[in-house]
Chemist: 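What follows is a structure written as C-alpha cells; I'll ask about it next.
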Amino acid sequence: MKITKKLLSASLIPLFLLMIGALTSGKLISDSNLATQSYINNYAHRQVLVSKIFNQIGYGHGIHTFKNYILRGDIVYYHRAKKDFTMALTTIQEYMSLDNLDPIELNTLTTLRFMILEYKKKLETAKELINKNIPINEIDKQIKVDDTPSEFALKNLNKYFLRKKNTELQLLTNSQHQAYTLTLSIFLISFIIACLLSGIISKRMLYSIKKILQISNQISKEEYNINKKVLFKFPNDELKVLANQILDMGSKLRDAFANLKKSNEDLEQFAYVASHDLQSPIKKISNYVDFIELDYNQEIPQEAQNHLKEIKELSVNMVEQINAVLNYSKLTAEKHHYTRLNIHDLLDSVQTNLLFNENDIEYDIQIKQNEFFANKELIQVYLQNIFSNALKFKKPNQKLHLKIHTDLNQSKFNIKICDNGIGFDQKHIKTILRPFGRLHSKNDFPGSGIGLSTCKRIAEIHQGELIISAQEGVGSCFTLILPQVNADS
C-alpha cells in the first residue's frame with residue numbers, strides 16, 4: 001500500500017473522533033454563549049442603568065450640586081442640579097419600561113424616584129428661600145431629605161445583581177467544564193490511536209529511509225556497485241520507487257564520472273599540445289624571420305621586409321592568443337584560497353604592472369570599504385583587464401578619467417570602475433562577454449578578445465556577479481559584486 005493511503009487510513013479514525021468532539025463541544029459552547037448573551041441583555045444592561053442613575057445623582061451631579069447651591073447660592077448649581085435630577089428620572093423611567101422586572105428592582109426604582117422628586121421639590125423651596133436671603137442654617141433645616149430608604153434599596157438591588165451574576169457564572173463554568181472534559185477525553189483517545197498507528201507506519205518508513213540514506217552515502221563515496229536485491233526488503237510504497245531511482249542515478253553517475261574523467265584527461269592533453277606543439281612551430285617561424293633579416297638584410301626588397309615584419313607580428317599575436325586561451329581554460333570553479341585584501345594595494349599593484357603614465361589619467365576614487373575577502377591572483381587579473389580596456393578604448397586626444405568606487409552592502413563587496421572612453425551600445429553586452437566576442441576590428445583595437453569573458457568567469461568563481469552598463473560615446477562602467485566570507489578560507 002502507498003504511504004499516502006496508509007497515512008490517510010491511519011488518520012481517519014482520530015479525525016472522526018475529533019469531529020464528534022468538536023461538534024459536541026460546539027453545541028455546549030453555543031449554549032453557554034446563549035446563556036451569557038441572555039445575562040448581558042437582561043441584567044448587565046440593568047446594572048448599567050443603575051450605575052447611570054447613581055452617577056446622575058452622585059458626586060459632581062444631582063445631590064452634590066444641590067448642596068453646593070444651598071452653600072453658595074450660585075444659580076449655576078441650581079440649573080445643574082435640576083438638569084441632573086430630570087435625567088435621573090428619565091433613566092429610571094427607561095429602566096421601569098424593561099420586561100420581567102423583579103419586585104426588588106421595582107421597589108428600588110420606586111424609592112429612588114420618590115427621593116429624586118423630593119429633591120426637586122426641595123430645590124425649588126431652596127430657591128425661594130435664597131431669594132429671600134434666609135440664612136443657610138435655616139434653609140438647611142427646611143430642605144433636608146431622608147436618603148436612608150434609597151440607600152437600603154440600592155444595597156438590596158446590588159445584592160440581587162450579585163446573586164444573578166454568580167448564578168450565571170456558575171452555569172457558564174459548568175458548561176465550559178463539560179466542553180473541556182469532553183474535548184480533552186476525545187483528544188486523548190484520538191492521540192493514543194494516532195500514536196499507535198503512526199508508530200507502526202513510521203517504523204516501516206524509517207527502515208526504508210535508513211536504507212535510502214545508506215545507498216546515498218555509498219554513492220557519495222563513489223561506491224556504485226550496489227546489489228538491487230536490497231529493494232526486496234522495502235515496503236511496497238513510494239520509498240521503494242525512490243530507492244530504485246537512486247540506484248539508477250548511481251549507475252548514471254558512475255558512467256558520467258567516467259566520461260568526465262576521460263574528457264578532463266583529453267583536455268589536459270590538449271592543453272599540453274596547445275602550449276608546446278602549437279607554440280613551438282610558431283616561435284620557430286618568428287625565429288626564421290629573424291634569421292632571414294640578419295642574413296639577407298641588404299638584399300631583401302622593402303616590400304618583402306614589410307611582409308616579414310607582418311609575419312613576425314602575426315606569430316607573436318598567435319602565441320599571445322594561445323596563452324590567453326590556456327589561461328582562460330585554467331579558470332575553473334575548483335576551491336580557491338581567499339585572503340583579506342586591501343583595495344589600495346591592489347590598485348597600486350595594477351598601475352605598476354601596466355606602467356601607467358599618471359599624466360594621461362585622472363582618478364576619482366571613493367573608497368567606503370578598504371578590505372574584502374577574495375582570491376588575490378584572480379582579482380589582480382580582473383583589475384588589469386578592466387584598466388587595460390579603459391586605456392585601449394579611451395577617446396583619442398582626450399585624457400582618461402577613471403572613477404573607482406567601493407562599498408560593502410549586505411555582506412557583498414562592490415568594486416565599481418567607470419571610464420569616459422568610447423563606450424558601446426547596451427545591446428552588445430552579451431557579445432563582448434563571449435570569448436573572442438569583438439565589436440571592433442582587431443587592427444583598430446588589438447587584443448585576445450577574451451578579457452571581459454575572463455572577468456565574468458572570475459566573478460562566477462567567487463560566486464559573485466559582473467554588472468556592465470555603457471553608453472556609446474560616453475563611457476563604460478563595470479561593477480564586480482563579491483559575496484564576503486567571515487574568515488580566511
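For the numbers below, each heavy atom of this structure counts, side chains included, while hydrogens, waters and symmetry mates do not. In what follows, residues are counted from 1 in the order of the sequence shown.
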Chemist: Less than 4.5 Å apart, side chain to side chain, heavy atoms only: is that true for Gln426 and Ile429?
Modeler: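 In short, these two side chains touch, coming nearer than 4.5 Å.
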
Chemist: Can you check whether Ile57 reaches Asp84 side chain to side chain, under 4.5 Å on heavy atoms?
Modeler: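 When only atoms from C-beta onward are counted, Asp84 and Ile57 do not touch, as no gap falls below 4.5 Å.
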
Chemist: Check whether any side-chain N or O of Ser349 sits under 3.5 Å from a backbone N or O of Asp345 as a donor-acceptor pair, and report yes or no.
Modeler: no

Chemist: Taking the side chain as every heavy atom from C-beta outward, state whether Glu371 and Leu341 have any pair of such atoms under 4.5 Å apart.
Modeler: no

Chemist: Flag the pair Asn385 / Val381 as yes when at least one side-chain heavy-atom distance between them is below 4.5 Å, and no otherwise.
Modeler: yes

Chemist: If you look only at distance, which donor and acceptor atoms sit under 3.5 Å apart when one is on a side chain in residues 412-425 and the other is two or more places apart or in another chain?
Modeler:
from	atom 1	to	atom 2	distance (Å)
Asn414	ND2	Asp407	OD1	3.1
Asp419	OD1	Gly421	N	3.0
Asp419	OD1	Ser476	N	3.1
Asn420	OD1	His401	N	2.8
Asn420	ND2	Lys399	O	3.2
Asp425	OD1	Lys427	N	3.2

Chemist: What is the distance from atom CD1 of Ile53 to atom NE2 of His61, rounded to the nearest 0.5 Å?
Modeler: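 Those atoms lie 14.0 Å apart.
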
Chemist: Has the side chain of Lys395 got a donor or acceptor atom that lies under 3.5 Å from a matching backbone atom of Gly473?
Modeler: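 Checked: pair present.
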
Chemist: Are side-chain heavy atoms of Leu378 and His462 found at a separation under 4.5 Å?
Modeler: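 Yes - at least one pair of side-chain heavy atoms lies under 4.5 Å apart.
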
Chemist: Where is the tightest heavy-atom contact between Phe372 and Ile379, given as atom of each residue plus distance?
Modeler: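 In terms of heavy atoms, the two residues are closest at CZ-CG2, 4.3 Å.
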
Chemist: Can you give me the closest heavy-atom contact between Thr406 and Gln369, atom names plus distance?
Modeler: OG1-O, 3.0 Å

Chemist: Mind checking whether Phe373 and Leu482 have side chains closer than 4.5 Å, heavy atoms only?
Modeler: no

Chemist: Decide side-chain contact (heavy atoms from CB on, under 4.5 Å) for His344 and Ile367; before the verdict, give the C-alpha distance in whole Å, the side-chain angles of both, and the deciding distance to 0.1 Å.
Modeler: CA-CA 9 Å; His344 291 292; Ile367 305 297; 3.7 Å; yes

Chemist: Taking side chain as C-beta onward, heavy atoms only, is Leu391 less than 4.5 Å from Ile361?
Modeler: yes

Chemist: Measuring from atom OG1 of Thr339 to atom CG of Asn375, what distance do you get when rounded to the nearest 0.5 angstrom?
Modeler: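 So the gap between those two atoms works out to 7.0 Å.
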
Chemist: What's the spacing between Arg80 CZ and His64 NE2 if we round to 0.5 Å?
Modeler: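 Between atom CZ of Arg80 and atom NE2 of His64 there are 9.0 Å.
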
Chemist: How long is the gap from NZ on Lys456 to CD1 on Ile432, to the nearest 0.5 Å?
Modeler: 11.0 Å

Chemist: Assess whether side-chain contact (heavy atoms from CB on, under 4.5 Å) is satisfied between Ile458 and Thr454, documenting all intermediate values.
Modeler: CA-CA 6 Å; Ile458 290 173; Thr454 298; 4.1 Å; yes

Chemist: Identify, with sequence neighbours excluded, every residue that meets salt bridge (Lys or Arg N to Asp or Glu O under 4.0 Å) alongside Glu460.
Modeler: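 Counting only residues at least two positions away or on another chain, Glu460 forms a salt bridge (Lys or Arg N to Asp or Glu O under 4.0 Å) with Arg457.
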
Chemist: Once salt bridge (Lys or Arg N to Asp or Glu O under 4.0 Å) is applied, do any residues pair with Glu94, and if so which ones, sequence neighbours excluded?
Modeler: none

Chemist: Using distance alone, with no hydrogens and no angle criterion, decide if Gln56 and Thr91 have a side-chain donor and acceptor under 3.5 Å apart.
Modeler: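 Yes - a donor-acceptor pair under 3.5 Å links their side chains.
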
Chemist: Going from CG on Leu452 to CG on Asn389, what distance comes out if it is rounded to the nearest 0.5 angstrom?
Modeler: 5.0 Å

Chemist: Tell me if a side-chain donor or acceptor on Lys394 pairs with a main-chain N or O of Gln398 at a distance below 3.5 Å.
Modeler: yes

Chemist: Check the pair Ile468, Leu433 against side-chain contact (heavy atoms from CB on, under 4.5 Å), reporting the backbone distance first and the verdict last.
Modeler: CA-CA 10 Å; Ile468 302 175; Leu433 287 177; 3.6 Å; yes

Chemist: Indicate the atoms forming the closest heavy-atom contact of Ala459 with Leu480, along with that distance.
Modeler: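 Nearest pair, atom of Ala459 first, then Leu480: CB-CD1, 3.5 Å.
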
Chemist: With a 4.5 Å heavy-atom cut-off, do Phe478 and Tyr382 have their side chains touching?
Modeler: yes

Chemist: Hey, what do you get for NE2 (His405) to CD1 (Ile365), rounding to the nearest 0.5 Å?
Modeler: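 One finds 12.5 Å between NE2 of His405 and CD1 of Ile365.
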
Chemist: Determine whether Asp364 and Leu402 satisfy the following criterion, side-chain contact (heavy atoms from CB on, under 4.5 Å), listing intermediate values before the conclusion.
Modeler: CA-CA 6 Å; Asp364 180 5; Leu402 288 179; over 6 Å; no

